[in-house]
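Notes for the one structure printed next.
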Amino acid sequence: MTAIARDGRGSPIRYISLCCRKNGLSMNIVLWVIAGLLTLAFLVAGVMKLAQPKDRLAVSGMTWTEDFSAGAIKGLGALEVLIAFGLVLPAVTGIAPVLTPLAALGIALLMAGAAVVHARRAESQVIVVNLVLLVLAAVVAWGRFGPYAF
């Protein structure tokens, strides 16, 4: 990445794209893998929020739940499950594939909000996870809205 940044030819996303082409990998496959990992992560997280009560989530390490109502937590869980399905189902079925990059954009926005919540609670380790998920979702949104659309 430093070579591209030094000669001014592009952004980190351009670097990822160039690396994938140079190594013979298809950027489309990379985007599918990232979308699959995000789908798995958000499906598990969403189902966990839907299936467990607020106090059990707090005891299991999700202390941020203390700041939200049980209904808001269930709503976040439902949103995460919908976003997880939205990342893969539209592309797989071919029905409204524009929903895939919109779901990725939704994840990026959700993770930006989560980072703010964790920053207010001084939970810096969790912010790193939020930012990694945000960047991965942004890469999927960029690829599916742009040069690697369906």
Side-chain angles (χ1 to χ4, degrees), residues 1 10-119 121 123-150:
M1 184 163 25
S11 68
I13 292 176
R14 178 176 162 80
Y15 174 75
I16 292 169
S17 179
L18 290 173
C19 284
C20 290
R21 287 186 201 148
K22 285 181 182 179
N23 294 329
L25 297 174
S26 169
M27 188 64 175
N28 190 41
I29 293 171
V30 171
L31 291 171
W32 271 108
V33 169
I34 294 171
L37 291 173
L38 288 170
T39 297
L40 181 63
F42 280 88
L43 192 58
V44 168
V47 168
M48 185 171 52
K49 288 179 184 97
L50 288 171
Q52 295 182 6
K54 175 182 169 176
D55 56 344
R56 193 164 181 199
L57 291 170
V59 170
S60 70
M62 293 187 185
T63 56
W64 61 268
T65 57
E66 298 164 353
D67 295 345
F68 293 89
S69 69
I73 295 167
K74 299 297 182 198
L76 282 171
L79 183 63
E80 288 175 349
V81 169
L82 288 173
I83 283 175
F85 286 127
L87 274 173
V88 292
L89 285 182
V92 169
T93 62
I95 300 171
V98 72
L99 293 177
T100 295
L102 288 174
L105 185 60
I107 287 175
L109 293 173
L110 188 64
M111 289 298 98
V116 169
V117 167
H118 292 297
R121 294 180 53 87
E123 299 170 341
S124 58
Q125 291 179 341
V126 184
I127 295 172
V128 173
V129 174
N130 296 144
L131 294 178
V132 167
L133 292 171
L134 186 149
V135 168
L136 289 173
V139 169
V140 172
W142 163 81
R144 295 306 184 203
F145 272 130
Y148 304 99
F150 298 110

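Remember, predicted model here, so these are calculated numbers, not experimental data.
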**Message:** side chain to side chain contact (heavy atoms under 4.5 Å, CB included) for V117 and F68? Distances and angles first, verdict last.
**Reply:** CA-CA 11 Å; V117 167; F68 293 89; 3.9 Å; yes

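- Put simply, the side chain of R144 reaches to within 4.5 Å of the side chain of N28, judged on heavy atoms.
- The CG atom of L57 sits 7.0 Å away from atom CH2 of W64, with the distance rounded to the nearest 0.5 Å.
- You'll find the side chain of V129 reaches within 4.5 Å of the side chain of L133, heavy atoms only.
- In this structure, T100 OG1 and W32 CH2 are separated by 6.5 Å, a value rounded to the nearest 0.5 Å.
- In this structure the side chain of I107 reaches within 4.5 angstrom of the side chain of M111, judged on heavy atoms.
- You'll find the side chain of I34 reaches within 4.5 Å of the side chain of V139, heavy atoms only.
- Under the 3.5 Å distance criterion, the side-chain polar atoms of R121 are matched with a main-chain donor or acceptor of T63.
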**Request:** Apply side chain to side chain contact (heavy atoms under 4.5 Å, CB included) to the pair V126 and N130, showing each step before the final yes or no.
**Result:** CA-CA 6 Å; V126 184; N130 296 144; 4.0 Å; yes

Please tabulate, one pair per line, all N/O donor-acceptor pairs under 3.5 Å involving side-chain atoms of residues 72-92, not counting sequence neighbours.
unit_1: K74; atom_1: NZ; unit_2: K49; atom_2: O; d: 3.0
unit_1: K74; atom_1: NZ; unit_2: L50; atom_2: O; d: 3.1
unit_1: K74; atom_1: NZ; unit_2: Q52; atom_2: O; d: 2.7
unit_1: E80; atom_1: OE1; unit_2: G46; atom_2: N; d: 3.2
unit_1: E80; atom_1: OE1; unit_2: K49; atom_2: NZ; d: 2.9
unit_1: E80; atom_1: OE2; unit_2: K49; atom_2: NZ; d: 3.0

**Item:** Residue pair L102, L99: steps toward the side chain to side chain contact (heavy atoms under 4.5 Å, CB included) verdict
**Value:** CA-CA 5 Å; L102 288 174; L99 293 177; 4.2 Å; yes

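- Closest of all the heavy-atom pairs between V98 and P101 is O-CD, 3.1 Å.
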